[in-house]
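Only this structure's heavy atoms are used, side chains among them; waters, hydrogens and symmetry mates stay out. Computed from a predicted model, the values in this text were never measured in an experiment.
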Amino acid sequence: MKNYEFWFIVGSQCLYGPEVLATVDARAKEMAETLSKALPYPVVYKVTAKSAGEIADTIKEANYHDECAGIITWCHTFSPSKMWINGLASLQKPWCHFATQYNREIPNEEIDMDFMNLNQSAHGDREHGFIAARMRLPRKIVAGYWEDADVQGKIGSWMRAAVGAAVSRELKVMRFGDNMRQVAVTEGDKVEVQMKLGWQVNTYAVGDLVEVMNQVSEQEIDSLMKEYQQNYEFATDDMETVRYQAREEIAIQKMLDEHGCGAYTNTFEDLWGMEQLPGIASQDLMAKGYGYGGEGDWKVSALTHIMKQMSEGVPGGTAFMEDYTYDLEPGKELSLGAHMLEVCPSVAAEKPRIEVHPLGIGGKAAPARLVFEGHPGNAIVVSLIDMGGR
């Protein structure tokens, strides 16, 4: 993961004089420092913007700063929204409009015009919200007091989505062969997805992978086998089959890293020169953060990688999955998610076991794979479907 950060841009104007602007600046710094300690990523205070030029320059800088995953805006005082138009029109990063205020409570007995001039967040944020709606710009609106945990949680969730967008724009997907024959849902428009989401989806020959596999040394395999022994329980004596999976994993990772790819696909219908369909190889690579999609499903592969990056540091797990069959008993309906062997061990309840079982399709040798029970908990299921133009 990159060291992503989010830029805090505060709106004001010169009407209120230097003392007010100095107070706004000090409060904005304090808020950014406090939020940085509570949120998944740092909040970097950039400017109290008082003019269209300041806003446009800061947003341009955010667009071209790779570590900046998005901007958070807040209007401490009244910030006339027409001066935001040029900047917001050029914004290319995710945007959170944070409607908050510095003080939690109204100090009723102390209110005077100085207080009212300084504390106009309710007024400023409505002006700010209007111009966003008027320009029909996509944004996340979070309203509430900036020190409350539930409000911070909403910003944190948006941050993870913004990081997903940043990962998406740079993602490369490696397809070993094509998708499963005759299947519709794993097809798709690779030009359109690069235009819309930034993914570069390209095909690499299975023969190229086999060539890299043949160059993997026994020492490299020994090293990965030690990792398997640390992370998994061996429930098989067939070490050669497990070592073959290690060879596949090493070769796949070498090709992914060489070409800067974060995700890949393969299919049991295209295993030219390979003895086994990758089992542990794919499962262990997913556990390391790579995306995977079965039978050439590059959309699922990309989503798996992106969501693994979004959820880094969060308890639970993220796994490639398919719906297989249902339990339709009234009041106890279930959907069984599964796949042939490539399910990520990040969702395992206990230490996964390495076992060897026949695959049943594909006509290759029985692969070694990780077997485990899933841990219970809340989950979401995410799909991306290409309908041709939408």
Side-chain angles (χ1 to χ4, degrees), residues 1 173-176 206 209-210 212-213 215-236 238-259 261-268 271 274-295 297 300-309 311-312 316-322 337-357 359 362 364-375:
M1 287 290 289
V173 182
M174 179 176 289
R175 299 169 64 235
F176 290 113
V206 178
L209 173 59
V210 172
V212 177
M213 287 172 55
Q215 297 170 359
V216 174
S217 70
E218 294 300 317
Q219 289 77 18
E220 289 175 299
I221 295 174
D222 289 341
S223 178
L224 185 53
M225 288 289 286
K226 290 180 181 178
E227 290 186 26
Y228 288 171
Q229 290 168 349
Q230 291 176 350
N231 297 329
Y232 311 122
E233 297 286 349
F234 276 76
T236 179
D238 189 353
M239 291 298 107
E240 288 307 310
T241 294
V242 181
R243 291 180 67 85
Y244 191 83
Q245 287 288 323
R247 180 183 296 276
E248 290 180 327
E249 179 178 344
I250 292 165
I252 293 170
Q253 186 169 356
K254 282 184 176 182
M255 290 190 65
L256 291 172
D257 293 347
E258 178 185 353
H259 295 281
C261 297
Y264 75 101
T265 68
N266 61 10
T267 171
F268 66 87
L271 295 173
M274 301 174 69
E275 296 176 11
Q276 303 173 27
L277 178 67
I280 291 177
S282 293
Q283 293 174 290
D284 199 51
L285 284 169
M286 274 190 283
K288 295 174 180 176
Y290 294 93
Y292 175 78
E295 288 87 72
D297 195 338
V300 166
S301 175
L303 278 176
T304 302
H305 173 72
I306 290 168
M307 296 194 73
K308 282 185 175 293
Q309 306 308 301
S311 61
E312 185 177 18
T318 307
F320 150 70
M321 192 65 69
E322 289 186 355
H339 205 252
M340 295 184 295
L341 64 166
E342 311 100 339
V343 178
C344 181
S346 65
V347 298
E350 297 178 352
K351 199 170 187 178
R353 305 180 306 279
I354 297 177
E355 300 180 6
V356 176
H357 299 285
L359 192 58
K364 296 293 182 176
R369 84 280 297 283
L370 300 174
V371 178
F372 51 84
E373 296 291 333
H375 64 74

Side-chain donor-acceptor pair present, Tyr292, Glu342, cut-off under 3.5 Å | yes
From the list Lys254, Met255, Glu248, side-chain contact (heavy atoms from CB on, under 4.5 Å) partner of Met213 resolves to Glu248
dist Cys261:SG -> Ile252:CD1 (nearest 0.5 Å) comes out at 12.0 Å
- request: Give a yes or no on whether the backbone of Val371 and the side-chain of Glu355 come within a donor-acceptor separation of less than 3.5 Å.
  value: no
- prompt: Just wondering, do Pro367 and Gln245 contact through their side chains at under 4.5 Å, heavy atoms?
  reply: yes
Item to complete: Give a yes or no answer on whether the side chain of Thr304 reaches the backbone of Ala319 with a donor-acceptor pair at less than 3.5 Å.
Response: no
After noting the C-alpha distance and the side-chain angles of Arg369 and Leu359, does the key distance pass the side-chain contact (heavy atoms from CB on, under 4.5 Å) rule? CA-CA 10 Å; Arg369 84 280 297 283; Leu359 192 58; 4.2 Å; yes
Rounding to 0.5 Å, atoms CG (Leu271) and CG (Leu209) come to a distance of 9.5 Å
Notebook entry, point to check: With no hydrogens and no angle check, do the side chains of Tyr232 and Gln283 hold a donor and an acceptor under 3.5 Å apart?
Noted result: no
Side-chain heavy-atom pair Glu350, Phe372 within 4.5 angstrom cut-off: no
- Query: With no hydrogens and no angle check, is any side-chain donor or acceptor of His305 less than 3.5 Å from a backbone partner on Gly289?
  - Reply: yes
### Message
Between Tyr290 and Ser282, is there a side-chain donor-acceptor contact under 3.5 Å, judged purely by atom types and distance?
### Response
no
Smallest heavy-atom separation, Tyr228 atom then Val242 atom, equals CD1-CG1, 3.9 Å
Note: Val356 and Thr236 closest approach over all heavy atoms is CG2-OG1, 3.7 Å
Review point. Ile250 versus Ile221: any side-chain heavy-atom pair under 4.5 Å?
Key: yes
TODO: Without swapping roles, check the side chain of Lys308 against the backbone of Ala287 for a donor-acceptor pair under 3.5 Å.
DONE: no
- Query: Can you tell if the side chain of Met174 reaches within under 4.5 Å of the side chain of Glu258, non-hydrogen atoms only?
  - Reply: no
Point to revise | Short N-O contact, Arg247 and Glu218, less than 4.0 angstrom | key: yes
- Task: Check the pair Glu295 / His339 against side-chain contact (heavy atoms from CB on, under 4.5 Å), numbers first and verdict last.
- Result: CA-CA 11 Å; Glu295 288 87 72; His339 205 252; 3.1 Å; yes
Problem - Verdict with supporting geometry, Thr265 and Asp297, side-chain contact (heavy atoms from CB on, under 4.5 Å) - result: CA-CA 6 Å; Thr265 68; Asp297 195 338; 5.5 Å; no
Fill in: Asp284/Lys288 salt bridge by N-O under 4.0 Å criterion
yes
*asked:* With heavy-atom distances below 4.5 Å as the criterion, would you say the side chains of Lys364 and Met274 are in contact?
replied: no
